[in-house]
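Since the structure comes first, as structure tokens, the remarks are kept for the end.
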Protein chains: 2
Amino acid sequence: MVQSGGSVTLSDVAREAGVSVATASRALNGSSRTVRPDLSARVAAAARRLDYAPNAQAQAMARGATTMVGLIVHDIADPYFSAIAAGVSRAADDAGLLVMLSNTLGRPEQELRYLKALRAQRGRAAILVGSQRTDRDHSAAVSSEVAAFEHAGGRVVAISQARLPVDTIVIENAAGAGALARKLAEMGHSRFGVLAGPSDLLTARDRHRGFQRGAVDAGCAPPIAVHGAFTRDGGHSAMAQLLDSGCQIDCVFAVNDVMAVGAIAACRDRGLQLPKDLAIAGFDDIATLRDITPSLTTVRLPLTELGKQAMELVTAPPGTAPKRSRVKGTVVIRDSTPAHR
Amino acid sequence: MVQSGGSVTLSDVAREAGVSVATASRALNGSSRTVRPDLSARVAAAARRLDYAPNAQAQAMARGATTMVGLIVHDIADPYFSAIAAGVSRAADDAGLLVMLSNTLGRPEQELRYLKALRAQRGRAAILVGSQRTDRDHSAAVSSEVAAFEHAGGRVVAISQARLPVDTIVIENAAGAGALARKLAEMGHSRFGVLAGPSDLLTARDRHRGFQRGAVDAGCAPPIAVHGAFTRDGGHSAMAQLLDSGCQIDCVFAVNDVMAVGAIAACRDRGLQLPKDLAIAGFDDIATLRDITPSLTTVRLPLTELGKQAMELVTAPPGTAPKRSRVKGTVVIRDSTPAHR
DNA sequence: GATGCATTGGAAAGCGCTTGCTGGGTATGC
DNA sequence: GCATACCCAGCAAGCGCTTTCCAATGCATC
């Protein structure tokens, strides 16, 4: 059935079908040139009989184009990124593209490494997900590698990082956080705390600032901010710090859901009753966390949809100027922030 | 700086350095043949100056080997799979390999499609994660495609599906669930319910059966099982069904954590007090769910570690017979299952 | 000073595929 | 009946790289 010693090649198929490789190629790929139906059928039959799988590398070389897109995320185990990855993967499927997963684990040099690897693969596109840090050197290095990638004919799309001169899906972090703050103020909260994430992470910063502005606009005192890692543990320790500070606070905004969960745990460790003693809100609306108790007030982001949109930018004809599409968050009030007083 | 019109090629570098492509290739890759240090330096400098990135496709063709491994999962948005993916990704990095992500969304035909795509890419290996269904036709088709893949020189490793004649990481689902059942019985629970997942999903079935055996061994009545999807919603509706049945039960085992979360939500919908009115346990120990209330008793699986082990099997020299490594779960008792009576 | 060997650069042959071009065969027009 | 046009199979040239083989050079040895 299958040729011994390595893979079945197109010339095996051609021989089996009694035609030239050129004809076999045209028959299988249906090029602009037509092949007589009977030959075409013979080729198809031969391919099936030999269980032929075209060598994608060779095709890529000959055609000068691959079917690969790279997905570069901070941490695939983080539900935020994995939801986006699911959207990208889904959309890639529909477009007949393959997804290369790259997990930078937050290490900037990894991002560069992957970008370079992707260029080496002549990937059709790279999708960069995750807030960029406000690190000048790294930004410059990424910009330069991105330029090289684009020069080599690849598209680059950024999700949630607006610093690069490429097609970008901007998440309206500040606006979403602001809306949340106003809503919470309206519900009677006035003394806010913010678990603000790392100060050099743009997403965290935007959410923090947006919330702060919203709170102040609504006539509240500026929230008290505590910085910490953008993770569950970061939320936990930031919350602990906030509680230790002895500040009077009736509502805490964690700049993402995962941090909010850490914060909730920290509160419980101290014996606080939630949501009675303290209201807590997050951001993202992570699916896996929709059932926690108390159910978490948050700003919902259409994460899966994001991936889809990114794919659309990737497959769209390249424009002259970088496109920018905006994605809004929706405030979702749940039990973790009951009306105050 | 960069050549106009497409990418920089090795011959560009060679020309720039004033050597032949052969020498340039040898200088950059350090082959068995040595290149005089000064030439080597000239080549390296030229490559840097032109920002050369070797065409991986061309390398793959010439060398007859790629650096790609495929990771085939059911749903990357599911924290179980994304944790494994993180482990794989990490290990792939260390081994200098690239990961192709394939999300089958549970559709068997997608699994085949990906396997074939991976063969077309001449991927070095495929890692199949996730319990196989007990569907004969599909199993046969996968077996055949797996054979083709291996014939083409690729390695195949399965995680948590023991049906394929390939290197496999077996998760001791039955043993883990059995240990959990015994432990719960020891704690005074005796009337068990099981939210059993789809009946044709091996993992679900093994956990269900293991739990059942454990319970019976401990002298309890056979648990009452309700089947449902392997998801949060599946757990929710199975739990609702179980509650509606009016059976007297004091402890429910959901065959995975995500279902357990759905079950908890269903209980709350009915106004049950957890864990007072009912004990609930899960399986997997999903990191994102470690902070839910009540904290969930479960069987911890070293998910990230699994990915790493899979990678080790991939990079290990191929043995004659399929290797089988076993991974145990650890029973973790938390608040959701207090001692009974 | 001639011969042998080690060392190393370069020419060239592929890897498997696509595609422009060539040319034989057939259909059509006068 | 012959010329023109058209159709389509196949030859061959690449795509960018690795690697084998050959040739040239330098050095040691006799």
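Keep in mind that what you see is a predicted model, and the values were worked out from it rather than measured. In what follows, chains are A, B, ... by sequence order, proteins preceding strands, each numbered from 1.
Between A/D12 and A/R49 no salt bridge is recorded (no basic side-chain N to carboxylate O distance below 4.0 Å). Note on A/R119 versus B/D51: salt bridge recorded, some NZ/NE/NH1/NH2 to OD/OE distance being below 4.0 Å.
B/L50 places its CG atom 15 Å from the P atom of D/dG16, with the value rounded to the nearest Å. In this structure, CZ of A/R36 is placed 10 Å from C1' of D/dC7, rounded to the nearest angstrom. For the pair A/Q57 CD and D/dT18 P, the interatomic distance rounds to 13 Å; values are reported in whole Å. When the P atom of D/dG10 is taken as reference, atom CG of A/L39 falls 7 Å away, rounded to whole Å. With rounding to whole Å, B/R63 atom CZ is found 17 Å from C/dG16 atom C1'. Atom CE of A/M61 and atom P of D/dA13 are 17 Å apart (whole Å).
At the phosphate of C/dT18, OP1 or OP2 sits under 4.0 Å from a side-chain N or O atom of A/Q59. Of the side-chain N and O atoms in B/Y52, one or more sit less than 4.0 angstrom from OP1 or OP2 of D/dC17.
Closest approach to the B/L10 side chain among C/dC17, D/dT18, D/dC8 is made by D/dT18 (side chain taken as heavy atoms from C-beta onward). Picking from C/dT8, C/dC17, D/dT18 the nucleotide with the shortest atom distance to the side chain of B/R33 gives C/dT8. Closest approach to the A/T34 side chain among D/dG14, D/dG16, D/dC8 is made by D/dC8 (side chain taken as heavy atoms from C-beta onward).
The only option from A/V157, A/L71, A/V156 that meets the side chain to side chain contact (heavy atoms under 4.5 Å, CB included) definition with A/L128 turns out to be A/V156.
Atoms CD and CZ, from B/E305 and B/R90 in turn, are 11.5 Å apart once rounded to the nearest 0.5 Å. With values rounded to the nearest 0.5 angstrom, A/T104 atom OG1 is found 7.5 Å from A/F81 atom CZ. Distance CZ/B/R36 to CZ/B/R26: 13.0 Å, rounded to 0.5 Å.
A heavy-atom distance below 4.0 Å to DNA chain C is reached by these residues of residues 16-29 of chain B, ordered by number: B/V19, B/S20, B/A22, B/T23, B/R26.
Residues B/T66 and A/Q57 bring no donor and acceptor atom of their side chains to less than 3.5 Å of each other.
Mapping B/D38 and A/N55 onto DNA chain C by nearest heavy atom places B/D38 at the nucleotide closer to the 5' end.
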